[in-house]
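In the text below, chain A, chain B and the rest are named by the order of the sequence lines, each starting its count at 1.
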2 protein chains.
Amino acid sequence: MSSMNSISQIKIPPLMTRSHEIANVVRDEILRGQFRPGERLPSERDLAARFGASRGAVREALSQIEQLRLIDIQPGGARIKEVNDASIAVLGPLLGMGSIPDADLVDQFLDTFSVLARFTATRAIPKLSDAQRIDLLTQLDSMADDLDSVESLQPKMRAFLMTLGGIADNLVVRLISNDLQAQFVERMLQLHPRPSLKPESLRELVAGMRLGVQNGDGEAVASALDVHFLSMRALVAQALASA
Amino acid sequence: MSSMNSISQIKIPPLMTRSHEIANVVRDEILRGQFRPGERLPSERDLAARFGASRGAVREALSQIEQLRLIDIQPGGARIKEVNDASIAVLGPLLGMGSIPDADLVDQFLDTFSVLARFTATRAIPKLSDAQRIDLLTQLDSMADDLDSVESLQPKMRAFLMTLGGIADNLVVRLISNDLQAQFVERMLQLHPRPSLKPESLRELVAGMRLGVQNGDGEAVASALDVHFLSMRALVAQALASA
DNA sequence: AGACCACTTTGGTCGTACCAATCTGGACCC
DNA sequence: GGGTCCAGATTGGTACGACCAAAGTGGTCT
């Protein structure tokens, strides 16, 4: 009986401060491989001079990059670490670097996301209350009305998965999904050409999930999601290849 | 033909700077729920006064907390956000807050981790080269020698999963695992009483995985991992309950 | 009661200064 | 030549003070 205010969540550019700018530039340089792991980053004073900023701003920037586990700050110098050992939070920048997202990375993301969705479904469905089941069915029925418009289906799908996530009640997965969401989804939605799923596939997805929800069969819901994500991956790969 | 220097990777307390201290304290206060979401954090100047630190140090601290998506810094004041919307990186602090880790959270972690392990296995096994298969089998045989000593098996198990991860070659999962590792594993290893898996269970795990690797049957390896993590969860839950 | 405006507070940035840890290079000794 | 050792330069850690623009505050006026 609350929230749902601030409906559209208009995202003002999250206040690009000087330190964030610097952090972004330096982060991207590291991700681009312009420094070898173990190598020293230019000193704070040098960076400050280069960006025409104060050392304070640079320090804030480096402090952020350190949180990404991309560098190791120590007296004597900040050293670059392996990108493979970094935090999830580098995924977004990693994706957004080329003019077109790296196809492999996108596929890996979708693969991973599908596994998390499956996981959520299998954990949520068995513990459904009657009210929750009805809620989910309602959402699915609503989704069944927009099968040909990806634009209007996507947010409903997202909401559906969020509801499932709330029921599964696994904070770890929730936080992982947050990060993937934050890192990935927004960039994915700007894809051109947008992959277009066939209405039949979507109908199959919704119907499959509905059956699973009705019967309390988590594996059925998960399977429907599997199929959906598989075709999604194929389409996205195709879209990226032709771009 | 390189690396493998700095064998033991002695981790000196990662240089607890003033800003990190402040960040930790404030972060924990937020995680502890001492502020309501939407509420304003004390001003940088107030925090500086409270900690007897400079504003610069406080700003670096807040900048780090902002990266955790726990606060939203804006002119006018920093506002607290929902913990549920935060980054994975809050998991560690969240676990380490009570004298004993929260049992539910630990279980959720193990559940999630098992899914990621299963995922990695199913993706890695089908694309094994001969050399990789031999490598894995060798590792498993080595593991079969330490079945009764959890202390010596654990690192081998970890190495095995890392190898699988390298073969699966999914950067997204890799980064997620990094974070879970960074957030969780170290704290888990300090558990008392340590959960003790029965040697028979471990033998079964290793044997099951070996068979799967040999036959190129990813699902078999995944199943063996499933069983293992299930009993692990039961034991950990028991250990935490009796603590 | 609502609109409007001046004042205060708050974050964003800069500059300078000092300390301690680290690194660097050259003198020195074997 | 190769290793050792020490002083000076470099680097990060921290502090204080100052100014600006944006956001919040409260009181006045209508």
Task: Options D:dT14, D:dG12, C:dT13, nucleotide nearest the side-chain atoms of A:Glu44 - done: D:dG12
TODO: Give a yes or no on whether A:Arg32 atom CZ has more than 12 heavy-atom contacts from other residues, nucleotides or ligands under 6.0 Å away.
DONE: yes
Open item on the list: Is there a side-chain contact between B:Ser54 and the phosphate of D:dT14, meaning an N or O under 4.0 Å from OP1 or OP2?
Closed with: no
Open item on the list: I want to check one thing: is the phosphate of D:dG24, taken as OP1 and OP2, less than 4.0 Å away from some side-chain N or O of B:Arg79?
Closed with: yes
TODO: May I ask you to evaluate whether A:Thr17 reaches the phosphate of C:dT13, defined as a side-chain N or O under 4.0 Å from OP1 or OP2?
DONE: yes
- [ ] Mind checking B:Gly77 for me? I need base, sugar-phosphate or nothing, with any heavy atom below 4.0 Å counting as a touch.
- [x] sugar-phosphate
- [ ] Would you confirm whether B:Asp85, through its side chain, and B:Arg69, through its main-chain N or O, come within 3.5 Å as a donor-acceptor pair?
- [x] no
TODO: Send over the distance from B:Asp46 CG to C:dT9 C1', rounded to a whole Å.
DONE: 10 Å
Task: Proximal nucleotide (of C:dC23, D:dG24, D:dG12) relative to the B:Arg40 side chain - done: D:dG24
- [ ] Find the distance A:Glu66:CD to D:dG12:C1' and express it as a whole number of Å.
- [x] 11 Å
Open item on the list: So that I can tick it off, tell me whether B:Glu82 and A:Arg174 are bridged by a salt bridge, with the cut-off set at under 4.0 angstrom between side-chain N and carboxylate O.
Closed with: no
- [ ] Please determine if A:Arg79 and A:Asp72 form a salt bridge, counting it only when a charged side-chain N lies under 4.0 Å from a carboxylate O.
- [x] no
Task: Closest to side chain of B:Arg55, choosing from C:dG11, D:dG12, C:dT24 - done: C:dG11
Open item on the list: If I take atom CG in residue A:Leu62 and atom P in nucleotide D:dG12, what distance separates them, rounded to the nearest angstrom?
Closed with: 8 Å
Task: N/O (side chain, B:Arg45) to phosphate O (OP1/OP2, C:dT9) under 4.0 Å - done: no
Open item on the list: Please report the distance, rounded to the nearest Å, between CG in B:Asp72 and P in D:dG24.
Closed with: 12 Å
Task: Gap between atoms CE and P, on B:Met16 and D:dT14 respectively (whole Å) - done: 11 Å
- [ ] Please tell me which of B:Ala57 and B:Gly76 maps to the more 5' nucleotide of DNA chain D, matching each residue to the nucleotide holding its nearest heavy atom.
- [x] B:Ala57
Task: Minimum side-chain heavy-atom gap A:Phe119-A:Val173 below 4.5 Å - done: yes
TODO: Could you tell me the separation between the NE2 atom of B:His20 and the P atom of D:dT14, rounded to a whole number of Å?
DONE: 9 Å
Open item on the list: Without decimals, in angstroms, what is the distance between A:Gln64 CD and C:dG12 P?
Closed with: 10 Å
Open item on the list: In whole Å, I'd like the distance from the CD atom of B:Glu60 to the C1' atom of C:dG12.
Closed with: 14 Å
